[in-house]
Amino acid sequence: MKNEQKVDYKYQKLENKEYDIVKINNPNPSQKYDYLFRICMVGDAAVGKTSLLIRYCDGTFKSIYSNTIGVDFRIISLKSDDKNIKLNVSDTAGQERFKSVSSKYFRSAHGFFFVYDVSDLNTFKNIKNWLSTTKDYNDKQVVNFLVGNKCDKDERQVDYDTALQFAQENNMGFFETSAKDNKNVDEAFGYITQQLVHFYSKNEKIYNELSTGDMYKEQKGEEIVFDKKHTKKTGCCK
Ligand code: G3D
Ligand code: MG
């Protein structure tokens, strides 16, 4: 039976976090922006990376998505006080065989969402590997966020406090989310954006290196290298 009290308590904890980011639903395409942040969503296959992104951008949840092949993008416009922000979110494939593709995006990322499934311990254990993989490609200090998805599920293998401790030890923000029940999804994206603004407004050199340096050029210059037949084209969030 579902432990409603536990679920409420969990969400309560997260609601205490504050952020002041507003998503712009119909942005003016010619609107100038102050920051363009690239975020990569990483984690094992089937933890819900695509579902989280689609929930955030489109407000929907489907029970079946074909496995993400390679990388999809979404562009999201946000506002924080007087700052206009664009988030370019790469939804990477969890499969090992696509790591060579994903690594190009890792190089110029300003932040990472490390996603695991709270009902699957292995996906949580693998976050360590995802952390070291992304660090191999991007040795800059960037904004890392841990996301425990599927917290709607009754079967749980990773408890909140264990994940929180791991996040604190690794200097990461942390949220539990449910793409299915639309819990903490806006909050997770809003909160990482706030962290990005906060961090890069104090670390402009790193922002500029990631945004204009060789790593960025390399990313722009090299299109996705895997078999294009399998590439899903996605629109952007406007
Ligand atoms: P991925 O992009 O990380 O590979 P997907 O993961 O977004 O494709 O999701 C994998 C499966 O998990 C999908 O189910 C999806 O419906 C389910 N899922 C995603 N988010 C949640 C969630 O918050 N709660 C629950 N209960 N399930 C979720 P299928 O059945 O297509 O494998
Ligand atoms: Mg996917």
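Values in this document were obtained by computation on a predicted structure and should not be read as measured data. When a ligand or atom number is given, it counts from 1 through the structure's own listing order.
- In this structure, K23 satisfies the cation-pi test against Y56, with its NZ or CZ atom closer than 6.0 Å to the six-membered ring centre and inside 45 degrees of the ring normal.
- Taking each of A179, A46, G148, G43 in turn, the one with a heavy atom nearest to atom 4 (O) of ligand 1 proves to be A46.
- In terms of polar-atom proximity, defined here as any N/O pair under 3.5 Å, F61 makes no such contact with ligand 1.
- Residue K153 approaches ligand 1 through these ligand atoms, each under 4.0 Å from one of its heavy atoms: 26 (N).
- Residues that satisfy the salt bridge (charged side-chain N to carboxylate O under 4.0 Å, His left out) test with D120, not counting sequence neighbours, are absent from this structure.
- The heavy atom nearest to atom 2 (O) of ligand 1, out of those in T50, V118, D91, is found in T50.
- Under 2.8 Å from the Mg ion (ligand 2) lies no N/O/S atom of S51, from backbone or side chain alike.
- Of the heavy atoms in N149, only side-chain atoms (C-beta onward) come closer than 4.0 Å to ligand 1.
- Near K49, the atoms of ligand 1 lying under 4.0 angstrom from a non-hydrogen atom of the residue are 1 (P), 2 (O), 3 (O), 4 (O), 6 (O), 7 (O).
- Residue pairs meeting the salt bridge (charged side-chain N to carboxylate O under 4.0 Å, His left out) criterion with at least one partner in residues 122-134, sequence neighbours excluded, are absent.
- Atoms of ligand 1 lying under 4.0 Å from at least one heavy atom of S51, given by number and element, are 5 (P), 7 (O), 9 (O), 15 (C), 19 (C), 20 (N).
- Judged by distance alone, with hydrogens and angles left aside, the side-chain atoms of K183 form no donor-acceptor pair with the main-chain N or O of D152 at under 3.5 Å.
- Salt bridge status for D117 with K150: present, with a side-chain N to carboxylate O gap under 4.0 Å.
- Looking at D152, V185, D154 and measuring to atom 25 (C) of ligand 1, the nearest heavy atom belongs to D152.
- Near A45, meaning under 4.0 Å from any of its heavy atoms, are these atoms of ligand 1: 4 (O).
- Ion pair D181/K153 not flagged as a salt bridge, since none of the NZ, NE, NH1 or NH2 atoms sits closer than 4.0 Å to an Asp/Glu carboxylate oxygen.
- If you check the side chains of D159 and T162, you find a donor sitting under 3.5 Å from an acceptor.
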